[in-house]
Structures are given as C-alpha cells and as structure tokens.
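As structure tokens, the structure follows; a few thoughts come after it.
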Amino acid sequence: MSRRGARDAHCWPFLVGRGRVVGQRTLLVPRFLGERNLSGLLRDAITGSLTQEGESRHAEAPLPGGGRIGLSYRIVQASPPGADGVVLRDRSGRPIELAYGVVVTGGSGARARMSVADADLPGLRPMVLDVFARFLEAERAFPPAVSARVTVAELAAGTVPVPEPGRAAEPAPAAPDSADDAPAEPGEAAPGPEAAGEPQDGEPQDGELQDGEPQDGENGAEEDAPEDRFGLVGRLVALLRGPGGGLWAVVLLAGWPVAVVLALVLILKD
C-alpha cells in the first residue's frame with residue numbers, strides 16, 4: 001500500500017489493558033467487533049513485550065465466517081492519569097502495560113504494516129489514555145468504549161476522535177419459577193379465589209360451619225322425636241293402639257271431657 005493510500009485508509013482505534021484489580025481485557029473496541037461480541041479477538045492477537053519509541057508491531061486475526069483483520073499496535077508502560085513516567089502497578093505489585101493501535105480490514109488492509117508511533121499518529125495516544133483513565137475509575141463496572149471508523153489522515157493530523165461510551169449489559173428479568181408466579185397478560189385479570197375454587201372471605205369451607213349452625217351428631221341435626229312432632233294427638237293414638245285400647249275407645253265415645261281428663265293424667269304421670 002502506498003504512503004498516500006495508507007493515509008486515506010480507514011481504521012478503528014483499539015485499546016487492550018488491565019487494571020489494578022481486573023485482568024486483561026479490551027477497553028476500546030471497534031464498533032463492528034463489539035456488535036459481534038468479538039472484542040476478545042484483539043486481546044488474543046496481541047503478543048510481545050514493551051515496544052521501543054517509534055516501534056510498531058503487526059498481527060493478523062481471522063474473523064468467524066471468513067475474512068481477516070490486521071492490527072498495528074504498540075505496547076507501553078501505563079502510568080497513573082496525570083503522572084507520566086510513574087509506573088502504575090496492580091494490587092500484586094506488577095507493572096501494568098497497555099496495548100493500543102488500529103484495526104484495518106480487507107484483503108490488502110489486513111496485511112498493511114502501519115506505523116502507530118506517537119510521531120506518526122499523534123491523535124491516537126490521547127484518545128486511548130482518556131479511555132484508560134475512565135476505566136481506572138470503575139474497573140469492574142466499566143463497559144468497553146466503542147470506536148468509530150476514522151481515516152488514518154485524521155489521526156496523523158492530531159485529531160482526537162471521541163469514543164462512544166459503552167453500554168452496560170442489563171440483567172435479564174428472572175424467569176418465574178412456575179406458571180403461578182408469571183405475571184398476568186395485559187388485559188387479563190389474574191384469577192381470583194372464585195376461579196380457583198377457593199372459598200371467599202366469610203364463606204365456610206368444607207367441613208366448616210357458620211356460626212350458630214349445629215354440626216352432625218348434635219341434637220339439632222337429628223329428626224324431631226314423634227312425641228315432639230305430634231304432641232297430645234300422638235299420645236292418644238298410642239293409647240288406642242296399646243293394651244286396653246278398646247276400653248279407651250268406649251270411654252272416648254261415652255264422653256269427651258272424661259277422655260281428655262284421663263289423657264292429661266296419663267301424660268302428666270309419664
């Protein structure tokens with residue numbers, strides 16, 4: 001690729017690094033890789049140790065489904081924001097390194113060896129250091145920033161692209177344990193106790209009686225005794241059917257007052 005063609009080519013800035021607490025990860029990912037969840041591809045393609053001033057490294061990586069991408073990058077020592085020259089270390093005391101550069105695509109672009117030295121692309125380093133400073137503030141909660149496609153000429157002119165903020169993944173709603181836990185569909189009322197066959201408040205359940213209602217086995221549930229149901233007439237009928245019924249019939253025919261008196265005497269006697 002000619003020098004002019006290289007400056008007119010499009011690329012995507014990227015940054016790979018680790019923090020004081022979290023391990024190595026892609027902190028600035030090209031949009032087309034982030035949309036396909038391929039940010040780890042850059043991390044795996046980077047090899048080697050610190051690069052010297054003005055030195056660039058190059059690598060290629062295959063894309064799932066076909067195609068390849070090319071990487072031109074540098075590996076540098078990280079410093080705390082605003083403290084250049086100071087070695088930034090993780091919680092285990094190890095120096096933290098950053099790998100940053102650009103991604104190019106296409107048959108010839110993937111094989112292009114582009115210089116990403118600070119002198120050649122002065123707009124690249126400020127961009128990735130800004131992303132790294134924001135990462136250090138959150139680390140575990142930091143979603144990777146997203147880079148848009150820019151021309152090499154823009155980075156060479158010192159223009160600093162503004163990366164798009166990453167979007168933190170929203171947790172999926174927990175699935176209900178059973179159909180009973182699932183919310184009712186819009187416009188569909190949740191079944192009440194009537195639909196479920198449950199007794200409503202104030203309605204007695206099976207085997208439960210309302211106040212004042214006698215239970216089985218109590219006198220109130222049994223049929224009334226014959227003497228309670230028929231009273232005096234029943235007793236007279238019993239006398240006529242019993243022993244001496246003929247005598248009682250004669251007495252009744254002879255005189256009603258006498259029969260009534262005798263009947264009362266017998267009733268009171270019992």
Side-chain angles (χ1 to χ4, degrees), residues 1-18 23-76 78 97-135 142-169:
M1 180 181 294
S2 66
R3 185 175 183 84
R4 178 179 178 79
R7 291 178 62 87
D8 292 338
H10 289 86
C11 61
W12 289 262
F14 75 89
L15 168 65
V16 174
R18 58 188 174 90
Q24 194 91 335
R25 60 192 58 194
T26 304
L27 305 177
L28 176 63
V29 57
R31 173 185 290 278
F32 76 96
L33 292 179
E35 291 175 345
R36 300 173 61 183
N37 294 323
L38 296 176
S39 59
L41 185 147
L42 301 177
R43 180 192 59 210
D44 298 339
I46 292 171
T47 59
S49 56
L50 295 175
T51 54
Q52 301 298 319
E53 186 67 30
E55 179 186 4
S56 299
R57 284 205 177 91
H58 312 280
E60 292 184 26
L63 293 173
R68 303 182 70 82
I69 59 172
L71 291 75
S72 293
Y73 61 95
R74 298 189 63 208
I75 300 178
V76 300
E97 299 176 353
L98 302 177
Y100 68 90
V102 295
V103 172
V104 292
T105 59
S108 59
R111 295 189 295 272
R113 292 181 172 270
M114 190 181 305
S115 173
V116 292
D118 295 341
D120 295 327
L121 299 179
L124 180 60
R125 186 181 180 95
M127 177 187 187
V128 297
L129 290 183
D130 178 69
V131 172
F132 183 66
R134 286 189 279 128
F135 161 70
F142 179 80
V146 179
S147 66
R149 188 176 70 164
V150 297
T151 63
V152 175
E154 290 180 81
L155 298 176
T159 304
V160 181
V162 178
E164 300 177 17
R167 179 180 300 175

Pair up each side-chain donor or acceptor in residues 45-54 with any protein partner under 3.5 Å, not counting sequence neighbours, and list the distances.
unit_1, atom_1, unit_2, atom_2, d
T51, OG1, I75, N, 3.3
T51, OG1, I75, O, 3.1

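Residues satisfying the side chain to side chain donor-acceptor pair (under 3.5 Å) criterion with R57, sequence neighbours excluded, are absent altogether. When the side-chain contact (heavy atoms from CB on, under 4.5 Å) test is applied to P161, the partners found at least two apart in sequence or on another chain are M127, V150, L155. Listed by chain and number, the residues in a side-chain contact (heavy atoms from CB on, under 4.5 Å) with A78 are L88, I96, L98, F132 (sequence neighbours excluded). Applying the side chain to side chain donor-acceptor pair (under 3.5 Å) test to Y73 and every residue at least two apart in sequence or in another chain returns nothing. S115 is linked by a side chain to side chain donor-acceptor pair (under 3.5 Å) to D120, counting only residues two or more places apart in sequence or in another chain. The salt bridge (Lys or Arg N to Asp or Glu O under 4.0 Å) check on R125 picks up D118, with sequence neighbours excluded.
Separation of atoms CZ (R74) and OH (Y100) is listed at 4.0 Å; rounding is to 0.5 Å. Annotation: the span from S72 atom OG to L121 atom CG amounts to 9.0 Å, rounded to 0.5 Å. In this structure, CZ in R68 is found 5.0 Å from CD in E60, a value given to the nearest 0.5 Å. Separation of atoms OG (S147) and CG (L28) is listed at 4.5 Å; rounding is to 0.5 Å. We find the OG1-CG distance between T105 and L63 to be 8.5 Å, quoted to the nearest 0.5 Å. With rounding to the nearest 0.5 Å, the separation of CG in L15 from CZ in R43 is 13.0 Å.
At distances below 3.5 Å, not a single donor-acceptor pair connects side-chain atoms of T26 with backbone N or O atoms of V29.
Checked options L42, L124, V128; the residue passing with F14 is L42 (criterion: side-chain contact (heavy atoms from CB on, under 4.5 Å)).
In this structure, V102 and V152 have side chains that are not in contact, with every pair of non-hydrogen atoms separated by 4.5 Å or more. The shortest side-chain heavy-atom distance between L71 and H58 does not fall under the 4.5 Å cut-off.
Residue pairs meeting the salt bridge (charged side-chain N to carboxylate O under 4.0 Å, His left out) criterion with at least one member in residues 27-36, sequence neighbours excluded: R31-E35, R31-E164.
Taking all atoms of both residues into account, the shortest heavy-atom contact from A117 to S56 is N-OG, 3.8 Å. Minimum interatomic distance between P163 and V131 (heavy atoms only, all atoms of both residues): CG-CG2, 3.7 Å.
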Trace of the side chain to side chain contact (heavy atoms under 4.5 Å, CB included) decision for I69 with L41: CA-CA 10 Å; I69 59 172; L41 185 147; 3.3 Å; yes
W12 and L33: CA distance, side-chain angles, deciding distance, side chain to side chain contact (heavy atoms under 4.5 Å, CB included) verdict: CA-CA 10 Å; W12 289 262; L33 292 179; over 6 Å; no
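Looking only at atom types and distance, the side chain of T151 has no donor-acceptor partner in the side chain of H10 under 3.5 Å away.
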